[in-house]
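Labels below follow one simple rule: chain letters A, B, ... track the order of the sequence lines, proteins then strands, and each chain is numbered from 1.
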Protein chains: 2
Amino acid sequence: MSTAKTDKTSDTGHPAEQDTRVRLLEAAGEVFAERGFHGVQIRDICALAGANIAAVNYHFKGKEGLYREVLKYAHHCAMAVDELQVAIPPDAPAEQKLGVFVHTFFRSMLSGGRPSWNGKLLAREMIEPSAALDDLVMSEITPKFALLRSIVAEMLGVAIEHPAVRWFGASVISQCLFWEHNKPVIQRLYPDLSYSDEQIRFIADHVVRTCTFAMLGARGKLDEYATWPEGKR
Amino acid sequence: MSTAKTDKTSDTGHPAEQDTRVRLLEAAGEVFAERGFHGVQIRDICALAGANIAAVNYHFKGKEGLYREVLKYAHHCAMAVDELQVAIPPDAPAEQKLGVFVHTFFRSMLSGGRPSWNGKLLAREMIEPSAALDDLVMSEITPKFALLRSIVAEMLGVAIEHPAVRWFGASVISQCLFWEHNKPVIQRLYPDLSYSDEQIRFIADHVVRTCTFAMLGARGKLDEYATWPEGKR
DNA sequence: TTCCGATTGAAACAGCCGTTTGAACTTCTG
DNA sequence: CAGAAGTTCAAACGGCTGTTTCAATCGGAA
């Protein structure tokens with residue numbers, strides 16, 4: 001019962017009560033993404049959110065608690081699995097499913113509509129995983145990846161458990177994440193790349209095409225994936 | 001003349017004098033990569049390097065100066081372009097060139113031999129670019145990417161200037177960087193992945209195979225890459 | 001209104017952390 | 001050896017920063 005107060009407001013509460021709470025979350029997400037956990041002072045966050053310094057301690061039980069909640073909030077705002085599953089027509093050809101998946105992924109990651117700090121925040125977690133990453137992998141990433149695996153398996157013409165599915169799944173995701181995670185370098189290499197909606201669609205199309213070629217080319221030649229170095233050592 | 005003392009030792013000095021200096025650089029690189037600039041206390045660095053707390057101020061004029069030098073040091077240790085160009089047989093088939101490129105890339109990025117903190121440090125620059133990133137792109141990344149583009153162009157059967165080259169080049173690099181940049185999540189999704197040398201070779205082989213299939217499949221169908229949204233807007 | 005819990009506010013606290021200090025020690029030069 | 005310059009050391013300083021405190025305010029229930 002010691003955390004009764006904060007728990008009550010963190011779940012679902014009367015909208016008025018959550019006012020400064022969400023303001024804090026959005027402000028924190030922005031600056032955490034920009035400067036990282038250690039690079040940010042809660043005084044800055046509170047100033048940006050128009051809240052008192054004590055508010056973060058009251059609502060989130062400290063800076064770390066705030067960060068944890070920001071991460072959840074970020075992923076919650078990002079592409080939801082449900083949204084994806086709804087968007088994917090169940091009885092369409094696998095290539096079309098892949099197209100929907102990739103395009104949705106790109107849109108939710110790069111398009112300006114959503115809180116734009118999602119990507120940076122998650123990229124930070126990749127480099128410097130916090131305790132919150134485990135929750136994130138379990139609740140958000142695993143189901144999305146499972147969905148992708150089912151599509152890949154269909155395209156390869158094998159069962160989901162086939163070892164090749166893992167690797168071609170990685171090929172798909174890697175080509176999606178690349179454009180977000182390496183933006184600074186990419187924009188320096190290609191100054192004419194502005195990440196407009198049209199360009200994002202163009203890139204997504206390329207990824208879909210590339211992966212389709214790769215997987216169709218690999219069909220029936222998947223023996224090499226049967227023996228995997230195990231890596232126990 | 002105010003910085004005469006430190007300048008004298010930073011350039012080239014008698015080996016005995018640089019002892020704690022390089023020890024400091026290596027220790028700092030390790031922890032900076034792991035926890036980021038703000039997440040690191042110089043007391044930790046000094047403890048790891050077996051140096052006194054005042055040493056970093058004496059040799060580098062402060063924490064920031066140390067970070068700056070660490071970044072230079074990291075670039076210097078990273079995969080050299082020359083090394084790559086030497087390793088690639090000039091008159092081999094393009095697919096073999098790609099194989100050498102990808103394998104060398106993976107080895108220099110993931111294998112334990114080199115200072116293993118290079119990758120993380122550079123990944124941090126992607127998220128939170130410092131002033132040093134421009135130098136990095138110019139001196140290290142651009143020439144490597146140019147080399148890759150020449151290989152890709154050969155495999156696609158087009159000139160280097162062809163717009164498709166850019167995108168397939170990205171497909172190759174993205175699948176390489178993925179395994180380094182997203183290690184934490186990947187290892188959570190696949191606990192049996194230990195990044196042993198054998199596994200790294202396995203992954204690199206997959207990437208080469210995938211990209212080969214994709215590019216061979218795309219040969220002759222590159223019309224769609226001719227019209228690019230320009231993105232001026 | 002009056003009471004009570006939830007929330008906000010200003011100020012102070014506690015301790016961490018980059019930096020500085022000044023002396024001791026080493027090494028080289030004359 | 002004497003002296004100087006370069007380097008290392010332990011200790012302390014200064015201020016930044018997450019947290020706490022406690023009083024003030026708000027909002028609804030009796």
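OP1 or OP2 of C:dT8 has at least one side-chain nitrogen or oxygen of A:T20 nearer than 4.0 Å. Of the side-chain N and O atoms in A:N57, none sit less than 4.0 angstrom from OP1 or OP2 of D:dG18. Contact annotation: A:H59 side-chain N/O to C:dT8 OP1/OP2 distance is under 4.0 Å.
Taking atom NZ of residue B:K63 and atom P of nucleotide D:dC16, one finds them 15 Å apart after rounding to whole Å. Protein atom CD1 of A:I53 is 14 Å distant from nucleotide atom P of D:dT20, rounded to whole Å. In this structure, the CD atom of A:Q41 is 13 Å from the P atom of C:dG18, given to the nearest Å. What separates CZ of A:F37 from P of D:dT17 is a distance of 13 Å, to the nearest Å. One atom, CG of B:D19, and another, C1' of C:dT26, lie 14 Å apart when rounded to the nearest Å. Here D:dC9 presents its P atom at 15 Å from CZ of B:R43, a figure rounded to the nearest Å. For A:N52 and D:dG18, the CG to P distance is 14 Å, given to the nearest whole Å. Here C:dT19 presents its P atom at 13 Å from CZ of B:F60, a figure rounded to the nearest Å.
Applying the ring pair (Phe, Tyr, Trp, His ring centres under 6.0 Å) test to A:Y67 and every residue at least two apart in sequence or in another chain returns A:F32, A:F37.
Applying side chain to side chain contact (heavy atoms under 4.5 Å, CB included) to A:I45 and the options A:V56, A:V31, A:I53 leaves one that passes, A:V31.
Nearest nucleotide to the A:Y58 side chain, out of C:dT8, D:dA10, D:dG6: C:dT8.
Under the side chain to side chain donor-acceptor pair (under 3.5 Å) criterion, the residue pairs touching residues 41-54 of chain B are B:R35-B:D44, with sequence neighbours excluded.
Where B:A55 and A:G62 each meet DNA chain D at their nearest nucleotide, the meeting point lying more 5' is that of B:A55.
Across all strands shown, B:A54 has heavy atoms under 4.0 Å from base atoms, whether or not it also approaches the sugar-phosphate.
A cation-pi arrangement is absent between A:R201 and A:F106 under the rule of less than 6.0 angstrom and at most 45 degrees off the ring axis.
B:R23 places no side-chain N or O within donor-acceptor distance of the main-chain N or O of B:C46, the cut-off being under 3.5 Å.
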